[in-house]
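Inspection log for the structure reproduced underneath, given as structure tokens.
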Amino acid sequence: MKYKHKWVIQKISAIMFAITLVLTLINFKEVDIYEYSSITFFFESKFNSLITLILISSILVHSNIGVSSIIDDYIHNHNSKTMILIFKNFLLAVLFIITILSLLLLVN
């Protein structure tokens, strides 16, 4: 992917992150974070779960592009760069899967 496209996607993901963060904070203000039932009630709403999924997804996309740029700029050994990128992609994929599974468990 060209740097111009990555830059545009990173800016769009930052805007999505900001909007969904505000929506999540507005909806989360009534939740008692010390009560498990209050938190599960929050996520039983499909809207709250969807907003949270979009929030986490936009954070992961934004960080993926940002960390990849840092790796491309500062790691010059091809083998090291490849291994770090594979590890980064694996970690972000695991975080995304955990997010989806957690939200699915809380929605039901």
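As a basis for the values below, the full set of heavy atoms in this structure was taken, side chains included, without hydrogen atoms, waters or symmetry mates. Numbers here are sequence positions counted from 1.
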Quick one: do [X] and [Y] end up in the same hydrophobic cluster if we chain Ile, Leu, Val, Met, Phe, Trp and Tyr together by side-chain heavy atoms under 4.5 Å apart?
X      : Y     : value
Leu21  : Ile59 : yes
Leu60  : Leu91 : yes
Ile54  : Ile12 : yes
Leu103 : Leu23 : no

Side chain to side chain contact (heavy atoms under 4.5 Å, CB included) filter on Lys88, not counting sequence neighbours, yields Asn64, Val67, Ser68, Ile71, Leu85, Leu92
From [X] [atom1] over to [Y] [atom2], what is the distance, rounded to the nearest 0.5 angstrom?
X     : Y     : atom1 : atom2 : answer
Asn77 : Thr82 : CG    : OG1   : 8.5 Å
Leu25 : Leu55 : CG    : CG    : 8.5 Å
Ile65 : Ile9  : CD1   : CD1   : 5.0 Å
Ile56 : Ile98 : CD1   : CD1   : 11.5 Å
Ile51 : Ile19 : CD1   : CD1   : 9.5 Å
Gln10 : Trp7  : CD    : CH2   : 9.5 Å

Given side chains that start at C-beta, do those of Val107 and Glu44 come closer than 4.5 Å, heavy atoms only?
no
Could you tell me whether a side-chain N or O of Ser38 sits under 3.5 Å from a main-chain N or O of Glu35, the two making a donor and an acceptor?
no
Between Ser58 and Ser13, what is the shortest heavy-atom contact and its length?
CB-O, 3.6 Å
Looking only at heavy atoms, what is the nearest atom pair of Lys6 and Asp72, with distance?
NZ-OD2, 4.3 Å
Transitive ILVMFWY cluster of Ile97 at side-chain heavy atoms under 4.5 Å: who else is in it?
Leu101
Scan residues 37-94 for pairs that pass ring pair (Phe, Tyr, Trp, His ring centres under 6.0 Å), counting only residues two or more places apart or in two chains.
Phe28-Phe42
Pick from Asn48, Ile100, Thr20, Leu104: which one makes a side-chain contact (heavy atoms from CB on, under 4.5 Å) with Leu53?
Ile100
